[in-house]
Amino acid sequence: MDGTLLFQLFVNGLSIGAIYILLVFGLQLIIRTTGIVNFAHGEMYVFGAYTFWFTYSVLDLHLGFAVILTVIVMAIISGVVYRAVFHYVQARFKADTPLSDKALMSAMASIGLMMVLSRIIVLYFGTDQKGIPSFLPQVFVFSGIRLPAERLSIILIAVLIAGILSFFFFGTKLGKAMRAVSTDSLASKLMGINSDRIFIASFALGSILAGVAGLLIAPVFALDPAMGTEIIFMAMLVMVFGGINSYKGAVYAGITVGLAESFGYYFIGIISHVLLFVMVMVFLIFRPGGFFGEALE
Amino acid sequence: MFLSIKNLHVNYESLEVLKGVSLDIEKGDINVLLGANGSGKSTMFKAISGILRPAKGEIFFQDTKINKLQAHAIVKKGIAQAPEGKRLFIDMTVEENLEMGAYLRTDKREIEADREDIMDRFPVLRKKLKVISGNLSGGEQQMLVIARSLMSKPQLLLLDEPAQGLSPVLVDEVADIITGINQSGITIILIEHNLRLGLGLAHWVFVLESGVIATKAKGTDMSEVEYAKKIYLGG
Ligand SMILES: Nc1ncnc2c1ncn2[C@@H]1O[C@H](COP(=O)(O)OP(=O)(O)OP(=O)(O)O)[C@@H](O)[C@H]1O
Ligand SMILES: [Mg+2]
């Protein structure tokens with residue numbers, strides 16, 4: 001076996017993992033603050049990818065400008081989606097509603113929404129695949145190892161975003177308020193925190209993360225309206241694997257699954273997805289709380 | 001009138017808990033709210049704080065109607081609540097919990113000064129500012145719930161069983177703290193099952209019974225035994 005190839009598979013795996021991690025951070029943030037399990041999260045990823053394609057490739061805007069516009073569009077779309085759909089779901093949650101009930105209620109709403117949004121994407125952008133010219137076409141070569149700058153940039157940007165998020169949650173008032181609402185929304189109301197506003201802000205931030213993941217993947221893979229439905233189930237799997245309440249778990253699970261996918265696909269082809277699923281199921285039988293959750297007694 | 005509740009009805013779905021509570025509270029007093037388990041004391045606090053919407057009735061605070069306001073707007077008006085059951089943000093530090101208590105305030109320097117004053121009342125907490133609040137002892141958590149509620153600089157403070165689960169020594173300490181808070185000019189409504197503590201502090205006592213305020217009395221009007229009979233034996 002050629003070490004160069006292994007290293008390339010490793011970097012590819014890490015970059016896929018980084019995409020999962022961004023998606024799962026978003027899912028977790030939304031679940032932890034609002035209690036909503038959002039199956040339409042994958043469509044946010046698609047919106048991010050297509051908005052970026054449209055602004056960068058079609059309108060031919062400057063890269064930085066296209067990125068900022070994509071983030072703004074994601075904030076608007078998610079704000080509208082929250083206010084139109086999830087606000088009403090959220091309003092039915094009580095302080096003592098168990099997560100499983102919340103998950104069921106929000107799954108019904110969000111799966112419906114997922115179908116609506118994916119149709120909108122097809123209507124708007126068509127079913128043909130779209131490509132974005134790579135904005136980082138360089139390939140670094142270190143002693144025979146070829147590393148496409150794009151893949152590396154995904155990893156670096158994900159690390160950067162994780163750093164920004166950590167500063168946001170621990171260093172800013174809004175971030176702390178999101179943490180407070182996620183631990184005890186009743187107590188946070190008594191502190192004067194407007195929880196409705198925090199819900200919508202968390203939903204928007206989570207959706208922006210999905211949009212950014214889509215933006216990052218856009219130059220690597222061709223865009224396809226079905227990419228959201230494909231990735232959401234993998235993202236959910238990664239989230240459960242890492243533990244719903246653990247951001248650290250999401251990092252470990254994202255990297256594990258990303259690597260397994262990259263190596264598995266290379267060596268055993270499409271069947272690797274099945275094996276991955278089996279692997280995660282077996283793991284969850286013994287550790288239902290995920291990586292950092294409680295081990296089964 | 002400082003706080004005035006008129007004919008307040010609160011239900012949980014089909015369960016009627018408050019069936020026409022009326023009460024008036026004057027500025028500066030310590031008011032103790034008594035009542036059997038499940039009589040609706042915490043429900044009344046939730047209605048005052050805007051967590052629950054009354055089905056009927058009105059609540060006025062300093063002559064402004066507040067029963068249609070959202071919870072955060074009520075905090076802004078000057079009403080804070082330390083809820084029952086140590087509801088801290090358990091994965092946040094003591095310092096962060098206090099910061100959340102001051103969420104609506106923007107006067108950084110004054111917040112800092114107030115926190116210092118509050119820490120003088122709770123010396124145990126000063127040493128633990130960086131500790132995750134979930135790792136505090138039960139007593140310390142109880143103290144933090146009170147301290148956090150003071151950080152919004154309230155005029156009216158609702159304390160729901162602040163001494164629950166505390167040792168006798170700490171109960172006395174909480175009594176001193178409540179007296180101190182009151183002397184700094186904050187009006188208090190206290191829910192307390194410990195009659196010795198409650199009656200020891202009370203300027204006024206209200207008894208909630210069958211969904212209405214059945215008795216209003218001076219703290220010294222009745223003995224502990226008489227109150228106990230009235231509240232818990234329905235006599
Ligand atoms: N969220 C809720 N949903 C349905 N019923 C509730 C809810 N909260 C309280 N109740 C019911 O309302 C009644 C009053 O409850 P509340 O908590 O106000 O009593 P309390 O006087 O504070 O009692 P305690 O002294 O035990 O704290 C009880 O019968 C209780 O079971
Ligand atoms: Mg109670």
Side-chain angles (χ1 to χ4, degrees), chain A residues 25 28-29 31-35 83 87 90-97 99 101 165-202 243-250 289 292-294, chain B residues 12-13 42 45-46 48-53 69-93 95-106 108 111 130 132-134 141 144-154 157-160:
Chain A
F25 278 174
Q28 286 177 313
L29 171 63
I31 292 177
R32 290 174 68 169
T33 44
T34 67
R83 203 55 195 77
H87 174 73
Q90 219 295 321
R92 301 197 63 89
F93 294 166
K94 306 231 167 69
D96 52 355
T97 310
L99 183 63
D101 288 10
L165 285 178
S166 149
F167 172 76
F168 175 72
F169 285 122
F170 291 90
T172 70
K173 202 167 164 182
L174 179 61
K176 289 178 196 178
M178 284 184 187
R179 284 165 62 214
V181 171
S182 72
T183 341
D184 191 332
S185 68
L186 187 144
S188 60
K189 280 185 191 167
L190 294 177
M191 303 298 109
I193 298 174
N194 182 342
S195 49
D196 283 337
R197 237 187 249 169
I198 297 293
F199 290 149
I200 201 162
S202 309
I244 291 180
N245 280 320
S246 168
Y247 291 116
K248 202 164 95 186
F292 293 101
E294 252 118 84
Chain B
Y12 292 107
E13 324 239 294
S42 301
F45 272 12
K46 283 184 182 144
I48 297 174
S49 285
I51 301 286
L52 291 173
R53 285 273 158 256
L69 297 181
Q70 288 201 289
H72 57 90
I74 291 173
V75 177
K76 186 110 198 163
K77 289 252 181 262
I79 302 180
Q81 182 183 157
E84 68 185 327
K86 302 179 195 144
R87 303 190 76 132
L88 291 170
F89 304 117
I90 50 170
D91 47 15
M92 297 173 99
T93 62
E95 196 172 29
E96 287 174 323
N97 270 277
L98 294 170
E99 197 184 330
M100 288 298 105
Y103 186 75
L104 287 175
R105 298 175 59 186
T106 46
K108 263 205 152 119
I111 294 174
K130 303 284 178 199
I132 300 290
S133 63
Q141 291 190 358
L144 180 54
V145 173
I146 305 173
R148 186 182 63 176
S149 68
L150 288 171
M151 288 295 293
S152 67
K153 218 176 175 180
L157 179 61
L158 311 177
L159 293 169
D160 197 341

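Just so you know, these numbers come straight off a predicted model, no measurement behind them. Order of the sequence lines sets the chain letters (A, B, ...), proteins ahead of strands, with each chain counted from 1.
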Next item on the list: Indicate yes or no: at least one non-hydrogen side-chain atom of A:Lys189 is less than 4.5 angstrom from one of B:Val75.
Entry: no
Residues 165-175 of chain A vs side-chain hydrogen bond (donor to acceptor under 3.5 Å, both in side chains), sequence neighbours excluded, gives none
When the 4.5 angstrom heavy-atom criterion is applied to A:Ser188 and chain B, the contacting part is both
Separation of [Y] [atom2] from [X] [atom1] (nearest 0.5 Å):
X: A:Met191; Y: B:Gln81; atom1: CE; atom2: CD; result: 8.5 Å
X: A:Lys176; Y: B:Thr93; atom1: NZ; atom2: OG1; result: 7.0 Å
X: B:Arg87; Y: A:Ser185; atom1: CZ; atom2: OG; result: 8.0 Å
X: B:Ile74; Y: A:Leu190; atom1: CD1; atom2: CG; result: 10.0 Å
X: A:Ile198; Y: B:His72; atom1: CD1; atom2: NE2; result: 10.5 Å

Given B:Lys46, B:Lys76, B:Glu99, B:Met151, the one with more heavy-atom pairs under 4.5 angstrom with chain A than any other is B:Glu99
Applying a strict 4.5 Å limit to non-hydrogen atoms, the region of B:Ile90 in contact with chain A is both
Over 12 foreign heavy atoms within 6.0 Å of CZ, A:Arg92 | no
Heavy-atom closest pair (A:Ala177 atom, B:Tyr103 atom, distance to 0.1 Å) is CB-CE1, 3.6 Å
